[in-house]
Protein chains: 2
Amino acid sequence: MAIPKLTAKGTSVANKERVDTRVERTRTTVLAHTYDLLVQDGFSGVSIDEIARRSGVAKTTIYRHWPTRTRLLLDACSKLGVNLEIPTQGTFETDLRQVLTDVAQRLENAGWAKVLPSIMDASERDPDVAKVQTLLQTIWAAPVVRIVEDAVARGEIRPGTDADVVAAEALGPLYYRRWFSRQHIDPALLDRIVTNLCRSLTDAR
Amino acid sequence: MAIPKLTAKGTSVANKERVDTRVERTRTTVLAHTYDLLVQDGFSGVSIDEIARRSGVAKTTIYRHWPTRTRLLLDACSKLGVNLEIPTQGTFETDLRQVLTDVAQRLENAGWAKVLPSIMDASERDPDVAKVQTLLQTIWAAPVVRIVEDAVARGEIRPGTDADVVAAEALGPLYYRRWFSRQHIDPALLDRIVTNLCRSLTDAR
DNA sequence: GAGCTACGCGACGGTAGCGTAGCGTTAAAT
DNA sequence: ATTTAACGCTACGCTACCGTCGCGTAGCTC
């Protein structure tokens, strides 16, 4: 089975064996189309047959690279974990505002906003998916966590601040608007979040 | 087709026509089993065949009452819109704390916590589902909205406060923990939310 | 108790998906 | 240029689901 080799290649860069061009091409093509389908139809709406149809890669070939549909899906999900830029130049307040503005922006445009609910749904029943989702969430929350830690280090906000809690307080309301109440993210809301967080974290309490 | 009659009966209570016992029983049993399956397998995991199997009601009979799978699903979803108790006795702070404690509790136990992501996912692609979801969210957010309005009326918090924004700020972080970061809802988090909201809504700014 | 009507049952046609098998072809590696 | 490995293609068996049809039966209403 091809998986071990591929995994090894992915994780260990030391492995300098040349990889067959065809393999590389197949993998990237399939993953790309899987990602597109994922965004379009959600986690449970992706079928191998459809991927084969669109990508031009034969279904049998796909199964030569991924042992099962779920594995391919999980692999494609990793493409969602883009590295976000982390502002570190300003004060806690300006950094936070910038991050949240970015998030609000991405919530309305980016593909992952359409996919995430389907992943959350799958997570409720499949532990492997849940693991990936938790990982992704860690990545997406990283900017907030980072600027909190930096601000603590600078002595700008209260020491001992739980960055995860701040992430929940900052991102939660935005996510709520996008997926639960399905309302537009008001700039006023964003402003309130930033202002209140700053106040609660800088006051001596 | 039986649907018009049933719908009419459902909406107009004035219609005192006796309803066939068999019809009533079929409807309730099917809905109950649909609900169970919904909670167990999510919106997209429910099949008519499985409902028929479990409920003992013939598939043909189910189709005599609901024209399509989606309609049945939507009907079953309405069972999720339970009426929540709304505390109105205390101060804004105590009321809010109680509501959020309830929500946090329900997030960890109740069935809808397992279903909601699947509904959100379906909402991304099906406008009818989205409509139902928005309605459900309105119901679930009602307690928060209510105590905000009451507190405004009492002059306890700033007039002109946007109850929807407060709902997002209060519920968002809890939802975030349950579905996105998949972390336990820390009592400290709950405390921070309540305290900060109260401060930001009572201060003269 | 007669008549109506909802129900159960078995079967059907059609679609879609998963994952596998065999075989011939092509193109990369050396 | 030869070898070797990946690929495409067709077809398959299997399962699951949707929604429908016809017919006989059981049970409710009046």
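Chain identifiers are assigned alphabetically (A, B, ...) following the order of the sequence lines, protein sequences preceding nucleic acid strands; residue numbering begins at 1 within each chain. Please read all numbers here as calculations on a predicted model, not as lab measurements. Values reported hereafter were calculated over all heavy atoms of this structure, with side chains retained and with hydrogens, waters and symmetry mates removed.
Rounded to an integer number of Å, the gap from A:I62 CD1 to D:dC7 P is 11 Å. Regarding A:D20, its CG atom lies at a distance of 7 Å from the P atom of D:dC7, rounded to whole Å. Residue A:R25 contributes atom CZ, which lies 14 Å from atom C1' of C:dA29 at whole-angstrom precision. Here the P atom of nucleotide C:dA6 and the CZ atom of B:R27 are 13 Å apart, to the nearest Å. Atom CZ in A:R71 sits roughly 16 Å away from atom P in C:dC18 (whole-Å rounding). Going from atom OH of A:Y63 over to atom C1' of D:dC12 covers 14 Å, rounded to whole Å. In this structure, NZ of B:K59 is placed 7 Å from P of D:dC18, rounded to the nearest angstrom. For the pair B:L73 CG and D:dC17 P, the interatomic distance rounds to 13 Å; values are reported in whole Å.
Remark: B:R64 is not in phosphate contact with C:dA6, judged by side-chain N or O atoms under 4.0 Å from OP1 or OP2. Contact check, B:T21 against D:dG27: no side-chain N or O comes under 4.0 Å of OP1 or OP2. Checking the phosphate oxygens (OP1, OP2) of C:dA6, no side-chain nitrogen or oxygen of B:H65 falls inside 4.0 Å. Contact annotation: B:T68 side-chain N/O to D:dG19 OP1/OP2 distance is under 4.0 Å.
The aromatic ring centres of B:W179 and A:Y176 sit 6.0 Å or more apart. Between B:Y175 and A:Y175, the distance separating the two ring centers is not shorter than 6.0 angstrom.
Between its two ends, the helix from C:dG1-D:dC30 to C:dT30-D:dA1 turns its axis by 40°, counting five pairs per end and rounding to 10 degrees.
DNA chain D lies under 4.0 Å from at least one heavy atom of each of the following residues of residues 43-58 of chain A: A:G56, A:V57, A:A58.
Using modelled atom types, one finds a donor on one side chain and an acceptor on the other under 3.5 Å when comparing B:S181 with B:Q183. Donor-acceptor pairing under 3.5 Å is recorded for the side chains of B:S123 and B:Q133. Side-chain polar atoms of B:S200 and A:R199 form no donor-acceptor pair below 3.5 angstrom.
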Please step through salt bridge (charged side-chain N to carboxylate O under 4.0 Å, His left out) for the pair B:D150 and B:R154, ending with a clear verdict. CA-CA 6 Å; B:D150 284 358; B:R154 288 197 305 267; 5.1 Å; no
Using the rule given for salt bridge (charged side-chain N to carboxylate O under 4.0 Å, His left out), can you reason through B:R125 versus B:D121, listing the C-alpha separation, both sets of side-chain angles and the distance that settles it, and then say yes or no? CA-CA 7 Å; B:R125 281 155 213 99; B:D121 180 32; 2.6 Å; yes
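Base contact: A:T60 has a heavy atom under 4.0 Å from a base atom.
Judged by distance alone, with hydrogens and angles left aside, the side-chain atoms of A:S118 form a donor-acceptor pair with the main-chain N or O of A:F43 at under 3.5 Å.
When the nearest nucleotides of DNA chain D are assigned to B:T70 and B:R22 by heavy-atom distance, the more 5′-ward of the two goes with B:T70.
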Taking distance alone, no hydrogens or angles, what donor-acceptor pairs closer than 3.5 Å link side-chain atoms of residues 97-117 of chain A to residues at least two apart or in another chain?
from, atom 1, to, atom 2, distance (Å)
A:R97, NH2, A:D191, OD1, 3.1
A:T101, OG1, A:R97, O, 2.6
A:N109, ND2, A:Q105, O, 3.3

